[in-house]
2 protein chains.
Amino acid sequence: MRYEFYYWPSIQGRGEFVRLALEEAGADYVDVARRPGKRGVPAMMPFLEGKRGLRPPYAPPFLKAGKLVIAQTAMILHYLGPRLGLSPRDEAGGLWLHQLQLTIADMVTHIHDTHHPVSGWLYYEQQRPAAILRTKDFWRYRVPKYLGYFERIVAKGGGPYVLGRRLSYVDLSLFQIVEGLRYAFPKRMKRFERKIPYLIELHDRVAKRPNTKAYLASKRRIPFSQWGIYRYFKELDR
Amino acid sequence: MRYEFYYWPSIQGRGEFVRLALEEAGADYVDVARRPGKRGVPAMMPFLEGKRGLRPPYAPPFLKAGKLVIAQTAMILHYLGPRLGLSPRDEAGGLWLHQLQLTIADMVTHIHDTHHPVSGWLYYEQQRPAAILRTKDFWRYRVPKYLGYFERIVAKGGGPYVLGRRLSYVDLSLFQIVEGLRYAFPKRMKRFERKIPYLIELHDRVAKRPNTKAYLASKRRIPFSQWGIYRYFKELDR
């Protein structure tokens with residue numbers, strides 16, 4: 001089946017977790033909103049306006065698989081996982097990965113809110129004091145707790161991946177978390193990485209996988225920017 | 001099967017969405033951390049410390065169902081739904097409800113962050129200006145978008161519930177959202193409710209269901225308080 005994937009064409013954002021899975025698996029898919037002209041972003045809008053079916057997505061990303069329209073990043077991966085060979089087929093294994101992905105989603109919200117704690121409708125400069133304080137707490141409490149949790153899980157299983165020797169979509173997402181934190185907080189991340197050797201090893205392994213490596217080097221991989229989840233501000237990276 | 005449910009015993013919090021489902025379904029369950037003494041909160045800690053099995057939850061709430069330990073509120077409901085008769089058994093229907101519940105989870109984070117936008121480790125009084133601004137945007141943009149989305153879905157299906165005539169766990173969660181917003185923002189909510197007649201009708205129907213009505217009147221229902229997701233501050237409710 002050819003999957004239709006819908007997400008904003010100019011950022012990695014939450015959609016990138018799905019793109020990484022589709023690319024690693026070599027799935028047959030179209031990144032709809034990146035098509036030129038009317039076949040691009042305008043093709044996404046009827047879904048969001050509730051004009052396509054009785055079960056409209058609340059926001060991108062969403063995936064069209066046959067007649068099914070599926071939204072929410074973690075749920076898209078939960079659906080795709082067994083179909084792309086990136087998740088075990090037993091219920092307990094599938095739920096475990098989904099739970100980890102939902103925890104990653106919670107962390108992503110915290111990452112975004114470091115630079116926009118007050119309002120997504122104001123510029124960073126208009127919420128700078130709050131951003132500085134939130135970032136301080138993020139690195140003091142959230143990062144050690146979230147990444148410490150994932151580190152322990154990989155360590156317990158013996159690595160290199162979350163499920164041991166078998167790659168899953170959660171590994172691809174953890175790769176993306178490390179990449180993003182390196183972009184937004186290069187200094188802080190450099191200091192922190194010594195505490196998460198298993199996650200760094202996992203990251204490096206993912207980066208070397210042929211399909212993912214080819215994707216990362218291609219134009220399909222949108223660069224990090226100041227419009228995504230991860231943004232670099234010198235004063236937040238002390 | 002007797003389910004073991006684990007969540008902080010003194011607040012409704014995210015756990016309440018699960019409690020409502022268990023209660024409405026008349027499920028056989030133990031609210032473990034509410035038991036007295038060592039059988040209460042201390043019984044929850046080994047799970048969070050990773051001492052019980054290789055798949056530890058990141059945070060409460062979590063559910064023990066036989067050997068399975070399941071965390072993340074929306075995922076617990078996704079698991080329980082078909083087992084409690086609160087979700088259809090077909091894949092598309094189950095995914096649709098799960099997607100809605102994940103969208104509710106996103107809204108819950110926004111609700112919490114109205115009073116704690118900067119840091120969960122500071123008092124409200126230490127982040128008041130940011131809270132006032134975040135609350136303003138919350139009511140200007142987020143509430144109309146989230147509740148407008150759910151209102152349209154119920155309206156399209158003809159009501160009274162999200163799936164039409166059949167109750168689901170999403171209805172119980174939407175009831176809880178309305179209840180919570182009424183507690184935290186009585187003035188604002190009073191003005192807003194005229195825009196969401198279907199959701200108010202859904203809320204009222206849920207409140208009258210015998211099992212839920214009995215639960216809400218019981219001591220098992222923990223009252224709203226200034227320690228939960230929803231908190232009342234006069235200056236945020238203009």
Side-chain angles (χ1 to χ4, degrees), chain A residues 48 50 53-59 62 66-76 78-79 91-93 95-96 98-107 109-110 113 116-122 126-127 129-134 136-138 140-142 145-146 149-150 152-153 156-157, chain B residues 48 50 53-59 62 66-76 78-79 91-93 95-96 98-107 109-110 113 116-122 126-127 129-134 136-138 140-142 145-146 149-150 152-153 156-157:
Chain A
L48 298 175
L54 288 169
R55 295 174 172 178
Y58 178 76
F62 56 92
K67 288 184 179 176
L68 213 53
V69 177
I70 305 167
Q72 283 280 352
T73 310
M75 201 181 93
I76 297 170
H78 183 49
Y79 174 84
E91 185 185 32
L95 287 174
W96 169 237
H98 187 36
Q99 176 182 321
L100 294 175
Q101 191 67 37
L102 287 167
T103 304
I104 290 171
D106 288 342
M107 187 182 187
T109 299
H110 283 294
D113 285 4
H116 275 74
V118 177
S119 168
W121 290 271
L122 293 175
Q126 293 169 293
Q127 50 198 305
I132 289 171
L133 206 49
R134 180 139 185 173
K136 191 180 149 194
D137 274 14
F138 174 72
R140 187 169 176 186
Y141 302 112
R142 303 283 182 190
K145 191 172 174 197
Y146 277 108
Y149 172 75
F150 290 112
R152 282 193 304 280
I153 285 166
K156 264 194 177 182
Chain B
L48 299 175
L54 289 168
R55 295 174 171 179
Y58 178 77
F62 56 91
K67 287 184 179 176
L68 213 52
V69 177
I70 305 166
Q72 284 281 353
T73 310
M75 201 182 93
I76 297 170
H78 182 50
Y79 174 84
E91 185 184 33
L95 287 174
W96 168 237
H98 188 36
Q99 177 182 320
L100 293 176
Q101 191 67 37
L102 288 167
T103 304
I104 290 172
D106 288 343
M107 185 180 188
T109 299
H110 283 294
D113 285 4
H116 275 73
V118 177
S119 167
W121 290 271
L122 293 175
Q126 293 170 291
Q127 49 198 305
I132 289 170
L133 206 50
R134 179 138 185 173
K136 190 181 151 194
D137 275 14
F138 174 72
R140 188 170 176 185
Y141 302 110
R142 304 282 180 187
K145 190 171 175 199
Y146 277 109
Y149 172 75
F150 290 111
R152 283 194 303 279
I153 285 166
K156 265 194 176 179

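The chains referred to below are lettered A, B, ... by the order of the sequence lines, with proteins before strands, and numbering in each begins at 1.
The line from CD of A:Gln72 to NE2 of B:His98 is 8.0 Å long, rounded to the nearest 0.5 Å. For the atom pair CG (A:Asp137) and CH2 (B:Trp121), the distance works out to 6.0 Å, reported to the nearest 0.5 Å. Once rounded to the nearest 0.5 Å, the distance linking CE of A:Met107 with CZ of A:Phe150 reads 8.0 Å.
Side-chain contact between A:Phe62 and A:Leu48 is present, with heavy atoms from C-beta onward closer than 4.5 Å.
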* Report the C-alpha separation of B:His78 and A:Met75 in whole Å, then their side-chain angles, then the decisive distance to 0.1 Å, and conclude whether the side-chain contact (heavy atoms from CB on, under 4.5 Å) test is met. => CA-CA 11 Å; B:His78 182 50; A:Met75 201 181 93; over 6 Å; no

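Residue A:Tyr58 touches chain B through both its backbone and its side chain, counting heavy-atom pairs closer than 4.5 Å. Contacts of A:Leu100 with chain B are absent, with no heavy-atom separation under 4.5 Å from either backbone or side chain. Interface remark: A:Pro129 contributes no atoms to any contact with chain B (heavy atom separation under 4.5 Å). With a 4.5 angstrom heavy-atom cutoff, A:Tyr146 touches chain B via backbone and side-chain atoms both. Within the 4.5 angstrom heavy-atom criterion, no atom of A:Lys136 approaches chain B. A:Gln127 does not touch chain B: none of its heavy atoms, backbone or side chain, sits under 4.5 Å away.
Interface remark: of the candidates B:Leu68, B:Leu133, B:Leu95, B:Leu95 forms the most heavy-atom pairs closer than 4.5 Å to chain A. Between chain A and the residues B:Ser119, B:Ala131, B:Ala130, the most heavy-atom pairs under 4.5 angstrom are made by B:Ser119. Chain A forms more heavy-atom pairs under 4.5 Å with one residue of B:Pro57, B:Ala74, B:Gly120, B:Ala59 than with any other, namely B:Pro57. Contacts with chain A were tallied for B:Asp106, B:Leu102, B:Leu122, B:Leu54; B:Leu102 has the most, counting heavy-atom pairs under 4.5 Å. Of the residues considered (A:Arg55, A:Lys145, A:Glu91), A:Arg55 shows the highest number of contacts with chain B, using heavy-atom pairs under 4.5 Å. Note: B:Thr103 leads B:Ile76, B:Ile153, B:Thr103 in heavy-atom pairs under 4.5 Å with chain A. Between chain B and the options A:Gly157, A:Ala71, A:Ala105, heavy-atom pairs under 4.5 Å are most frequent for A:Ala71.
Residues satisfying the side-chain hydrogen bond (donor to acceptor under 3.5 Å, both in side chains) test with A:Gln99, not counting sequence neighbours, are none. For A:His110, the side-chain hydrogen bond (donor to acceptor under 3.5 Å, both in side chains) partners at least two apart in sequence or on another chain are A:Arg134.
Between A:Pro56 and A:Gly50, the shortest heavy-atom distance links the atoms CB-CA, 3.8 Å.
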